[in-house]
Amino acid sequence: MKKRKLTGFEMVWYLGVFGFLFVWFTQIHPLVVYDADDWTYLAYVRSATPIWGDWNPAKVFPETVMPFFSTVAVYTLMPLLGDYILAQTVMHALVVSAFITVYVFCFTELVKRVLPVKTAGAVSASALFLLLHFLIFRSRQQDNSYLFFCFDLNCYYNYLIPGLLNASLVMYMLNNPGFDAFLAGGSPAKKGIFYLILYYAIFSNLTTSGILAAFAGSCMLISIIRKGKSFRLGQLVRENALYLGILLAWLVSAIFELSGGRATSSEWNGSFAWKLKYTLYGLKEVALGCNPVFWCISVGCVIAAIAALVVSRGKKPGNKVDAWLSGVCIVAAAAILVYTLFLCAAVSPSYIYRSEYLFEFCFFGLMIVSLCFAYLLSVWPKLFFFTPLALCILVSQINTRGATFQESTVENLNPKICAEISRDIIDQYVQADQAGQKQMLLYVPIHTEDPDTQDNWPHSVVLLPRITNTLYEHGIISYPIDITVVPSVEMNEKYHLEIPQGE
């Protein structure tokens, strides 16, 4: 496999992407430890193998990687920053930004492999690819969703990061002669690292691992179609051993996940057909609610690319579009769309409105649109004259005069307030620890009209005692303290939060 050094232009592009994202997730929309799920999984200890009958039996990746980086933050960033919550924000912003940058890098490399474009063309297509993730749902002046949005910090590790990992693997494997050579003769150590990454991608989340499963299944289906009458099962298995292995591993993860507590905790009653109908209705609403400029760009790029393909076929050497790649992308996109619809119908039809569930098939759609744009640049290089201006105009379509995008916090609460509440919780623990208390009352804001409820999400009366394990594991307190969670109106008043009507 021939190694190629990145050009200075590419280095500036990737550093710019990473820098922008880091500022985004630390300053503009910071990732803050706030709700009970965040506190639970900051220091959660589990086996790196599927656990039959657990709450999340096959979520190996999120439940090992999130506590790993959270602990690293405690021992590296916290001594420098002097603040536990800030250290967590910076560390998780670094991780999310790095995964998105690698995702953009993999797309850029894919463009350069499959199309005869120069570096500037590949980076231009990559810029469009990135911007579309922000434009797609920008339909209001404020509080819009976007494809890198999640409802809390924990969801970034459960949904977005696994999704980025699976998508990056797909783009790495697509039409990569170097990858084929790596599988045939790569070193055992490098193969071991690759299979470890593959393992984490599959055993991450059924929602996101569907990306890899859809890709593997589409590769095998296209292979069968190409063989036609000469199809032989044994030959198919030998030639597609990796894809077959991915599908079998994914099936194992699905079986494990079905044994867990979450799989039996559907929020909706009713027949599957009724829930599927509601999910389809939700998808229609999402599609109609997408940004009109996004639809114009997407439809325009695809139609123009098809027209250019028809006109230039055979006239411009090197501009032949690989039918295998096109077929795999289209089949995989259709497969993941159907899979997402069925998964949402089975779990909760309302999930079809969430960006965490929309990312999977949107990824394939945005990849196809951006590849079409790159193809147009390869056919008509004079389009470069207009590309910088077009991208600048696109950026202006994303930003608004209001708070354009939602915060990654429960109830879209200001992250600064969330951070202060979390620091207040830590201070209560530290004071009890210094006083030698074995038990304590933990005062939190009240979020429900029913004062006797055990929910009070996001500061759940039932789940929040898990914070003790996290703070003890991270050395914030010197011994475990038994707590009683007390939802308090005074906490709401202190942090200027709305008081539920029942109070």
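The figures that follow rest on heavy atoms only: side chains count, while hydrogens, waters and symmetry mates do not. Owing to the predicted nature of the structure, the values given are computational and were not obtained by experimental measurement.
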A.B. asks: Just by distance, with hydrogens left out, do Asp424 and Tyr495 show a side-chain donor and acceptor under 3.5 Å apart?
C.D. replies: yes

A.B. asks: State, with a plain yes or no, whether a side-chain heavy atom of Leu169 is found less than 4.5 Å away from one of Ile197.
C.D. replies: yes

A.B. asks: With a 6.0 Å cut-off on the ring centroids, do Trp24 and Phe134 count as close?
C.D. replies: yes

A.B. asks: Cut-off 3.5 Å, side chains only: do Thr470 and Tyr41 have a donor facing an acceptor?
C.D. replies: no

A.B. asks: Taking all non-hydrogen atoms of both residues into account, name the closest pair between Leu206 and Ser253 and its distance.
C.D. replies: CD2-OG, 4.1 Å

A.B. asks: What's the shortest heavy-atom distance between Leu81 and Ala87, and which atoms?
C.D. replies: CD1-CA, 3.8 Å

A.B. asks: So, Glu407 and Thr409: side-chain donor and acceptor under 3.5 Å apart, yes or no?
C.D. replies: no

A.B. asks: What's the spacing between Ile246 CD1 and Phe215 CZ if we round to 0.5 Å?
C.D. replies: 7.0 Å

A.B. asks: Could you tell me the separation between the OH atom of Tyr472 and the CG atom of Asp433, rounded to the nearest 0.5 Å?
C.D. replies: 10.5 Å

A.B. asks: Just by modelled atom types, is the Asn492 backbone N or O under 3.5 Å from a matching donor or acceptor in the His496 side chain?
C.D. replies: no

A.B. asks: Taking all non-hydrogen atoms of both residues, which atom of Ala36 and which atom of Thr40 are closest, and how far apart?
C.D. replies: O-OG1, 2.7 Å

A.B. asks: Using modelled atom types and a 3.5 Å cut-off, is there a donor and acceptor pairing between side-chain atoms of Trp295 and backbone atoms of Ala287?
C.D. replies: yes

A.B. asks: Determine yes or no for a side-chain-to-main-chain donor-acceptor pair under 3.5 angstrom, with Ser259 supplying the side chain and Phe256 the backbone.
C.D. replies: yes

A.B. asks: Would you compute the distance between atom CZ of Phe361 and atom CD1 of Ile211 and round it to the nearest 0.5 angstrom?
C.D. replies: 11.0 Å

A.B. asks: Going by the angle between their ring planes, with limits at 30° and 60°, are Phe99 and Phe61 parallel, tilted or perpendicular?
C.D. replies: perpendicular

A.B. asks: Are a donor atom and an acceptor atom from the side chains of Thr448 and Asn456 found within less than 3.5 Å of each other?
C.D. replies: no

A.B. asks: Kindly give the heavy-atom pair with the smallest separation between Val74 and Pro79, and that separation in Å.
C.D. replies: O-CD, 3.3 Å

A.B. asks: Just by modelled atom types, is the Asn205 backbone N or O under 3.5 Å from a matching donor or acceptor in the Thr208 side chain?
C.D. replies: yes

A.B. asks: Quick check: are there more than 12 heavy atoms from other residues, nucleotides or ligands sitting under 6.0 Å from CZ of Phe22?
C.D. replies: yes

A.B. asks: Measuring from Leu463:CG to Asp455:CG, what's the distance to the nearest 0.5 Å?
C.D. replies: 8.0 Å

A.B. asks: Check for a donor-acceptor pair, side chain of Ser422 on one end and backbone N or O of Val33 on the other, with a separation under 3.5 Å.
C.D. replies: yes

A.B. asks: Taking the cut-offs as 6.0 angstrom to the six-membered ring centre and 45 degrees off its axis, would you call Lys438 and Tyr479 a cation-pi pair?
C.D. replies: yes

A.B. asks: Should Phe148 and Leu164 count as side-chain neighbours, where that means a heavy-atom distance under 4.5 Å?
C.D. replies: yes

A.B. asks: Would you confirm whether Glu356, through its side chain, and Phe151, through its main-chain N or O, come within 3.5 Å as a donor-acceptor pair?
C.D. replies: yes

A.B. asks: Determine the interplanar angle of the Tyr339 and Trp250 rings, folded into 0 to 90°, and report it as parallel if under 30°, tilted if 30 to 60°, perpendicular if over 60°.
C.D. replies: perpendicular

A.B. asks: For this output row, return yes or no: ring centroids of Phe149 and His29 closer than 6.0 angstrom.
C.D. replies: no

A.B. asks: Holding to side chain to side chain contact (heavy atoms under 4.5 Å, CB included), I want the full list of residues that pass it with Ile330, two or more places apart in sequence or in another chain.
C.D. replies: none

A.B. asks: Is there a side-chain contact between Leu358 and Phe137 (heavy atoms, below 4.5 Å)?
C.D. replies: yes

A.B. asks: Can you name the closest pair of heavy atoms from Ala58 and Glu257 and give their distance?
C.D. replies: N-OE1, 3.0 Å

A.B. asks: Measure the acute angle between the ring planes of Tyr199 and Phe203, then classify it against the limits of 30° and 60° as parallel, tilted or perpendicular.
C.D. replies: tilted

A.B. asks: Using the side chain to side chain contact (heavy atoms under 4.5 Å, CB included) definition, which of the options Met66, His474, Met91 pairs with Thr71?
C.D. replies: His474

A.B. asks: Using the side chain to side chain contact (heavy atoms under 4.5 Å, CB included) rule, take Ser204 and Leu165 through it: C-alpha gap first, then chi angles, then the decisive distance, then the call.
C.D. replies: CA-CA 10 Å; Ser204 57; Leu165 179 61; over 6 Å; no

A.B. asks: Are Pro445 and His459 side-chain neighbours, meaning at least one heavy-atom pair lies under 4.5 Å?
C.D. replies: yes

A.B. asks: Kindly determine whether Lys494 and Ile421 satisfy side chain to side chain contact (heavy atoms under 4.5 Å, CB included), including the steps that lead there.
C.D. replies: CA-CA 10 Å; Lys494 181 178 180 181; Ile421 292 173; over 6 Å; no

A.B. asks: Quick one: closest heavy-atom pair of Pro162 and Tyr156, and the distance?
C.D. replies: CD-O, 3.9 Å

A.B. asks: Whether the side chain of Thr468 engages the backbone of Ile481 through a donor-acceptor N/O pair (distance < 3.5 Å, no angle test) should be reported.
C.D. replies: yes

A.B. asks: Keeping the roles fixed (side chain from Arg140, backbone from Asp143), state whether a donor-acceptor pair exists under 3.5 Å.
C.D. replies: yes

A.B. asks: So, Thr404 versus Asn399: side-chain donor-acceptor pair below 3.5 Å or not?
C.D. replies: yes

A.B. asks: Parallel, tilted or perpendicular for Phe105 and Tyr14, by the 30°/60° rule?
C.D. replies: perpendicular

A.B. asks: Can you measure from CG (Asp35) to CG (Asp152) and round to the nearest 0.5 angstrom?
C.D. replies: 4.0 Å

A.B. asks: Any chance the side chains of Tyr353 and Glu285 put a donor and an acceptor closer than 3.5 Å?
C.D. replies: yes

A.B. asks: Give a yes or no answer on whether the side chain of Arg138 reaches the backbone of Gln397 with a donor-acceptor pair at less than 3.5 Å.
C.D. replies: yes

A.B. asks: Do the side-chain N and O atoms of Asn144 and Gln406 include a donor-acceptor pair separated by under 3.5 angstrom?
C.D. replies: no

A.B. asks: Pair Thr64, Phe68 - check side chain to side chain contact (heavy atoms under 4.5 Å, CB included), show working.
C.D. replies: CA-CA 6 Å; Thr64 56; Phe68 171 78; over 6 Å; no

A.B. asks: Checking side chain to side chain contact (heavy atoms under 4.5 Å, CB included) for the pair Val104/Phe107: CA distance, chi angles, key distance, verdict?
C.D. replies: CA-CA 5 Å; Val104 172; Phe107 174 78; 5.8 Å; no

A.B. asks: More than 12 heavy atoms of other residues, nucleotides or ligands under 6.0 Å from OH of Tyr281: yes or no?
C.D. replies: no

A.B. asks: With sequence neighbours left out, write down each residue that passes side chain to side chain donor-acceptor pair (under 3.5 Å) with Ser396, or none if nothing qualifies.
C.D. replies: none

A.B. asks: Taking the six-membered ring of Tyr159 as reference, does the cationic atom of Lys59 (NZ for Lys, CZ for Arg) lie under 6.0 Å from its centre and within 45° of its axis?
C.D. replies: yes

A.B. asks: Counting distance only, does the side-chain N/O of Glu360 pair as donor-acceptor with the main-chain N or O of Gly163 below 3.5 Å?
C.D. replies: no

A.B. asks: Please examine the side chains of Thr387 and Phe373, heavy atoms only from C-beta on, and report whether any two atoms are closer than 4.5 Å.
C.D. replies: yes

A.B. asks: Is any side-chain heavy atom of Leu394 less than 4.5 Å from a side-chain heavy atom of Ile297?
C.D. replies: yes

A.B. asks: If you apply the rule side-chain hydrogen bond (donor to acceptor under 3.5 Å, both in side chains), what do you find for Thr340 with Tyr357, and how did you get there?
C.D. replies: CA-CA 7 Å; Thr340 302; Tyr357 281 76; over 6 Å; no

A.B. asks: Heavy atoms, side chains only, cut-off 4.5 Å: are Met491 and Ile446 in contact?
C.D. replies: no

A.B. asks: Has Arg354 got its NZ or CZ under 6.0 Å from the middle of the six-membered ring of Tyr351, at an angle within 45 degrees of the ring axis?
C.D. replies: yes

A.B. asks: With rounding to the nearest 0.5 Å, note down the distance linking SG in Cys418 to CG in Asn412.
C.D. replies: 9.5 Å

A.B. asks: Quick one: are Tyr103 and Thr108 in side-chain contact, heavy atoms under 4.5 Å?
C.D. replies: no

